[in-house]
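To start, the structure under review is shown below, and the notes come after it.
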Amino acid sequence: TRRRLPPGPVPLPVIGNLLDVASRLPPRSLARLAERYGPLMMLRLGSAVVIVASSPAAAREVLRTHNGSITGRNAPDAWNGAGHAANSVFVLPPRRRWRALRQVGTEHLLSPRRLDALRPAVRAAVLEMRRRVSESTAAPVEVGRVAFEAMADLMWRAMFSSGLDVATLGELHGVAREAVLLALTPNVSDFFPTLAALDLQGVRRGMATQMGRVYELIDQEIDKRRRGPETGSRDLLEVMLETDQGNIDGVVMNRDTMRAFLTTCVECSDIDNLPYHQAVVKETLRLHAVVPLVPNKVENPVEIHGHTIPKGSTVIVNLWAIHRSAEVRTDPSKFIPERFLGKEFHFQGTEDFEFMPFSAGRRICLGLPLATRMLHVLLGSLLKDFEWTLPEKAMENGLDMSEKLGLTMSMATPLDAIVKGM
Ligand code: HEM
């Protein structure tokens, strides 16, 4: 079967193709390799076998045709810190616990009914964000930080019906920043799983400290609700407490269930009536994929385009490369929101797999309904309520739009902007 494996660069002994991929921006290195080896190529990263899908047709094979056999995950070792892998929907294997957690999330946190009920929480989180921005007229505003804090505040309100104070929000931002740095560190444990137990670089221990702090905050909320008076809230915490010791589809609702929904969040607005605003958000997600490399584990061997994809290997869909492919759109590296006007490009992905910021298939982003609403509301509020300018240096030298990949993709130089007026 060896001859039928996908083509790829020749691996070096021990390290395999690590040097071919190591760069400031791995999705771009992989896109360049794909120009040479084709839309389905094979690499060895240490002892791990990695197949990379870099075209819409290859993505369709992975995320639709053979999706049933390619829905696993090889959890990065960092996720084992504080036992987080057992609570994370992102890395759980596609079995009972993963299915049940997705169901809990879909029904009790992200259903259209729950999202409607969350409108006041969204409003409160956005008002709080506006208040903080309007107090920052003297110094530049770190836009990413403000948006992160509003998402965290909203997620907290959705789960616990109470917002977070400024100090805790700041602390959570610090936790996220540390976690991104840890995820940025290429980890020997991932490339040589036999060495993982040693945690040679301390990445797993570092992640355990960060996750441990978030778990502590969640536990405080649970204990407060248990001791306190009835609140009458119908939030995720209430569902959990009502079914405590009970279960949903075989999964016990407990603290771990709350931990599964650590990620950010938020509102329903007028977005259907704001096509240009929507097009700007879509073009941003196209050019700057939040999760540029979607990793799937092969649970059963499959044949794609005449090549054998071995069991246990990781199949990465390079969303970054597909979104920027010159074969499917003109001027792919230019920011042109108009390309999304008047056409059917859904956030859920297009039929031909050329635009899918939330991926597709059985593991499509669970937070999609919340994320799309919150993105529009946050951006809308920041643009409508404030007038912005850039710091002098950025005005002179232009804005650094380069990206860096950690847990998710972000700007290499965080955007600072100055509020001119309201
Ligand atoms: C602009 C914002 C976001 C983007 C572009 C995005 C994109 C993605 C992508 C591409 C994946 C990988 C899907 C796959 O494996 O095929 C993913 C997974 C996931 N996302 Fe998001 N995401 C966003 C925000 C959120 C938010 C706010 C939440 C939480 C409420 C969330 C929760 C999740 C979860 C739980 C998974 C794992 C799903 C699974 O493996 O079953 N995401 N996201």
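Numbering of ligands and ligand atoms starts at 1, following listing order. What you see below is based on every heavy atom in this structure, not just the backbone, and it leaves out hydrogens, waters and symmetry mates.
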Between the candidates [options], which shows the shortest non-hydrogen contact distance to [atom]?
| atom | options | value |
| --- | --- | --- |
| atom 10 (C) of ligand 1 | C365, P357, A371 | P357 |
| atom 38 (C) of ligand 1 | R373, R99, R102, M151 | R102 |
| atom 40 (O) of ligand 1 | M155, M356, R363, H288 | R363 |

- prompt: Below 4.0 angstrom, N of the basic side chain to O of the carboxylate: do D190 and R204 qualify?
  reply: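 No, D190 and R204 are not salt-bridged.
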
Under-4.0 Å heavy-atom contact with ligand 1, by part of [X] that carries it:
| X | answer |
| --- | --- |
| V89 | both |
| M374 | neither |
| R362 | neither |
| L375 | side chain |

message: Students often mix this up, so state it plainly: with edges at 30° and 60°, are the rings of W79 and F90 parallel, tilted or perpendicular?
response: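 The rings of W79 and F90 sit tilted, inter-plane angle from 30° to 60°.
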
- request: State the atoms of ligand 1, each with its element, that fall below the 4.0 Å cut-off from a heavy-atom position in S359.
  value: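 So the atoms of ligand 1 that pass are 10 (C), 13 (C), 14 (C), 16 (O).
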
- prompt: How far does CG of L368 sit from NE2 of H346, to the nearest 0.5 angstrom?
  reply: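 Those atoms lie 12.0 Å apart.
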
field: Results of salt bridge (Lys or Arg N to Asp or Glu O under 4.0 Å) for R324 - residues two or more places apart only
entry: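 Counting only residues at least two positions away or on another chain, R324 forms a salt bridge (Lys or Arg N to Asp or Glu O under 4.0 Å) with E403.
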
query: What residues, two or more places apart in sequence or in another chain, satisfy side chain to side chain donor-acceptor pair (under 3.5 Å) together with S69?
result: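 So S69 forms no side chain to side chain donor-acceptor pair (under 3.5 Å) with any residue.
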
- request: Could you check if a side-chain atom of R44 sits within less than 4.5 angstrom of a side-chain atom of V50, using non-hydrogen atoms only?
  value: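 Contact flag for R44/V50 side chains = no.
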
